[in-house]
**Student:** 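Pasting in a structure now, in structure tokens, and then I'll have a few things to ask.
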Amino acid sequence: MTHRIHEHPTRRFKPYQGPAGGWGALRSVTRHWLESDNALKNIRTLLKTNQHGGFDCPGCAWGEAPDSGRVNFCENGAKAVNWEATQRRVDAGFFARHSVGALRGQSDYWLEYQGRLTEPMRYDPASDRYVPVSWDDAFALIARHLRALESPDQAEFYTSGRASNEAAYLYQLFVRAYGTNNFPDCSNMCHEASGVALGQSIGVGKGTVTFDDLHKADAIFVLGQNPGTNHPRMLEPLREAVARGARVVCVNPLRERGLERFQNPQHTIEMLGNRSKPTHTHYFRPALGGDMAVLRGMAKYLLQWEREAPGSVFDHAFIAEHTDGLDGYLAAVEASDWAGIEAQSGLPRVDIERLARLYADAERVVMCWAMGITQHRHSVATIQEISNLMLLRGNLGKPGAGLCPVRGHSNVQGDRTVGINDRPPAALLDALERRFGFAPPRHPGHNTVEAIQAMLDGRSKVFIGLGGNFAQATPDSTRTHQALRNCALTVQISTKLNRSHLMHGQDALILPCLGRTDIDLQAGGEQAVTVEDSFSMVHASHGQLRPLSTQMRSEPAIVAGIADATLGAWPVDWLWLVEDYARIRALIADTIPGFADFEQRLAAPGGFYLGNAAARREWSTPGGKARFQANALPASLLHEKLAEQPDLILQTLRSHDQYNTTIYGLDDRYRGVKGQRRVIFANEADILRLGFKPGQKVDIRSLWEDGIERRVDGFTLLAFDVPAGQAAAYYPETNPLVPLESFGDGSFTPTSKFVAIRLEPAGDDGRIV
Ligand SMILES: Nc1nc2c(c(=O)[nH]1)N[C@H]1C(S)=C(S)[C@@H](COP(=O)(O)OP(=O)(O)OC[C@H]3O[C@@H](n4cnc5c(=O)[nH]c(N)nc54)[C@H](O)[C@@H]3O)O[C@H]1N2
Ligand SMILES: Nc1nc2c(c(=O)[nH]1)N[C@H]1C(S)=C(S)[C@@H](COP(=O)(O)OP(=O)(O)OC[C@H]3O[C@@H](n4cnc5c(=O)[nH]c(N)nc54)[C@H](O)[C@@H]3O)O[C@H]1N2
Ligand SMILES: [Mo]
């Protein structure tokens, strides 16, 4: 793609009036495709996206509609495919031209734009450059470092959610055979709270719905999610629901365009007639972090109405047969007072009553949520409140109803299923022990926050990243960068150059791997890998494009190489396994529940459904029943120990032109932003109240109890339709503001949607052109 690398000279900001999708999406797909340096091949590749025999889109974890046709990708999936399938390469010549110090001065956008990593490289301190290294030497270096540690717990093994089931399974097996459960992973920053909350409430840490349920629901609630950008294929079922008369109820402080109107670019008549359709019936805009109070208020109304007309609201048969803890929960509901609920929720009481009515009037309800719910201090309690509401009316395990945490990375759910877990369940470890005959470590390992703390204070010395961009995805960037720099060895298994390669340890390796779109050729022939989507559907993914270099290796092959160098052919013959991934799948079938006859079931178009006990109304909780969780509302949303009052509360979110830390472009079409990313959205009245003017440049400082200064400079203030007291700015530019120690109770997820900030005039007070 011929991208302009620096912020656009004619950057501007103008509210966007169109629907989500529509001609803008088509233009964007066409532009990204035409500007890709591989246009003809890439269109063929795009047509294989999410098709049987094709590959799984490396974008989000939304599932495939069973009736989806020949074209099954969205605008942002197309960007993800074009971005991976580039002809540009970052090879030895590139690294000879650029020192690491010089590369550090480039933007994240520039770094990834340089192309695919094509050969293994090792950091050379004398020249401050990465220089070529052979695969064997790279593996030997890793083995030397790992063997030199006093304890296996001094190494951190990160996973990003694009890794296939095969790669992730092999990785967890190697790491446990080596002796630790230190598995920080992207899920820790993402849906961890959903897993923890649902595990306690309903016995499975996953969503219970399938695609079919969305079509049968009378009401779909979408909480804290922006599907127009992050799960565009979800817009079609939403507007289909509206069209057939179901309620689609959005709860989001921002008016996200995708949740308002959608014009399907794959629908000819609609495009020609320039018609769009609504994707919601009701829209409520709470305070940041106010959802728990909203849900608790809804529960108060349900309880009141049930008392007024017993049997009219609660599903007593379901409650009696399938749940426990109701009395304790209702006591907690009664104990929450309206003053607190109204103050925290940011909604007037009539709105909460309306929400409760919408919920109670629907026979079958699906509740969807994403990062707006999971990245808060009290996220586990909030998600348990979602579950409580659903249990009250038996909205679990019946058609058209259920819980739907909408996952992020395309295989983040699968990675957890096959064992990437810093707190592994005993059953998993027992199964590994039985099958492989070694004693896996039983003590908990480090999650992402704990891994950073351990590297910061020198307890951990080796970092290995299976994908992702640890340096930029994590909170408190200055300290996280220091944590990585403290390491004796950092290893990044990656497709593209990113800042994690530049914030390296004393020794450092870049290991270039194949991506989803690449053909994966092993001794046993072309290999497919498998992934699991948000609806627990497992399917195969076959690469389509010849890799840019014969030096790139698949993720399973790289993991096997590291394992073989470190442990030899024990407890399995690693190198033999990766000759044919069916051998890895056989091990998965032996040790992970739900994967019996894995290989045969994969052959079905669309793959197979892993199953979900809670969806069958079987409760894998200690008490054998789904459990109402009696959590109190947080005493205060603000951290008690802040020395100053914040000007605003900031949420860090995604623009339309990015995939997490990967920046595809500098526009955010649906929010009307062009050519710039260092912007902060706030309400005009707030901007004036704080003594600023729209368009003015500001520095942003965040508040935390530890007195460490956290700031980012030179952000343009944009007057936007944001509720009073709130602000929004893009991730990862604002990650330096998120304190490492500010994380969710019970989830350890950084509170990326609730950062207390103060604004200061920037030295350079520029205006928008
Ligand atoms: N194109 C594209 N697709 C992606 C990604 C990407 O970066 N680009 N990332 C992938 C990943 S890993 C993930 S996890 C998902 C993320 O998908 P989302 O969760 O949709 O991503 P965010 O941009 O973080 O958006 C959070 C939304 O929550 C709202 N919100 C923020 N705080 C609150 C709150 O306190 N309450 C409520 N009710 N709402 C709130 C925001 O206004 C925003 O609309 O998308 C996945 N898909
Ligand atoms: N402030 C703030 N921080 C956040 C969030 C937020 O909303 N706000 N969201 C959080 C969330 S939800 C998530 S999931 C994390 C994301 O955290 P990560 O998963 O660590 O980050 P990504 O940006 O997805 O990783 C991009 C890199 O992955 C590599 N890559 C891409 N494809 C492949 C592949 O197929 N194989 C391998 N081995 N490497 C590949 C490329 O080198 C690319 O540079 O960030 C979290 N951080
Ligand atoms: Mo995520």
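When reading the values below, keep in mind they use all heavy atoms of this one structure, side chains included, and skip hydrogens, waters and symmetry mates. Remember, it's 1-based here, ligands and their atoms both numbered in the order they're listed.
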**Student:** Taking heavy atoms and a distance under 4.0 Å, where does T661 meet ligand 2: side chain, backbone, both or neither?
**Tutor:** both
**Student:** Is Q375 in polar range of ligand 2, meaning some N or O pair under 3.5 Å apart?
**Tutor:** yes
**Student:** For atom 36 (N) of ligand 1, grab the closest protein heavy atom and report residue, atom and distance to one decimal in Å.
**Tutor:** D291 OD1, 2.7 Å
**Student:** Nearest protein heavy atom to atom 11 (C) of ligand 1, by residue and atom, and its distance?
**Tutor:** G408 CA, 3.2 Å
**Student:** Establish, yes or no, whether the cationic atom of R677 lies under 6.0 Å from the six-membered ring centre of Y109 and within 45° of the ring axis.
**Tutor:** no
**Student:** Kindly confirm or rule out a cation-pi arrangement of R89 over F94, judged by NZ or CZ under 6.0 Å from the six-membered ring centre and within 45° of its axis?
**Tutor:** no
**Student:** Which of the atoms in ligand 1, numbered in the order shown and given with their element, are less than 4.0 Å from a heavy-atom of Q651?
**Tutor:** 30 (N), 31 (C), 32 (N), 41 (C), 42 (O)
**Student:** Report yes or no: does a heavy atom of H656 sit under 4.0 Å from some atom of ligand 1?
**Tutor:** no
**Student:** State whether the shortest distance between N or O atoms of G468 and N or O atoms of ligand 2 falls below 3.5 angstrom.
**Tutor:** yes
**Student:** Side chain or backbone of E256 under 4.0 Å from ligand 1, or both, or neither, by non-hydrogen atoms?
**Tutor:** side chain
**Student:** Out of D351, D721, D291, which residue meets the salt bridge (Lys or Arg N to Asp or Glu O under 4.0 Å) rule with R285?
**Tutor:** D721
**Student:** Report the nearest protein non-hydrogen atom to atom 7 (O) of ligand 1: residue, atom name, distance rounded to 0.1 Å.
**Tutor:** N660 N, 2.7 Å
**Student:** With backbone taken as N, CA, C and O and side chain as the heavy atoms from C-beta onward, which portion of H191 lies under 4.0 Å from ligand 2: side chain, backbone, both, or neither?
**Tutor:** neither
**Student:** Do ligand 2 and C190 have nitrogen or oxygen atoms that lie under 3.5 Å from each other?
**Tutor:** no
**Student:** Side chain or backbone, does H501 bring an N or O within less than 3.5 Å of an N or O on ligand 2?
**Tutor:** no
**Student:** Go through ligand 1 atom by atom and flag the ones less than 4.0 Å from a non-hydrogen atom of K753.
**Tutor:** 24 (O), 26 (C), 31 (C), 32 (N)
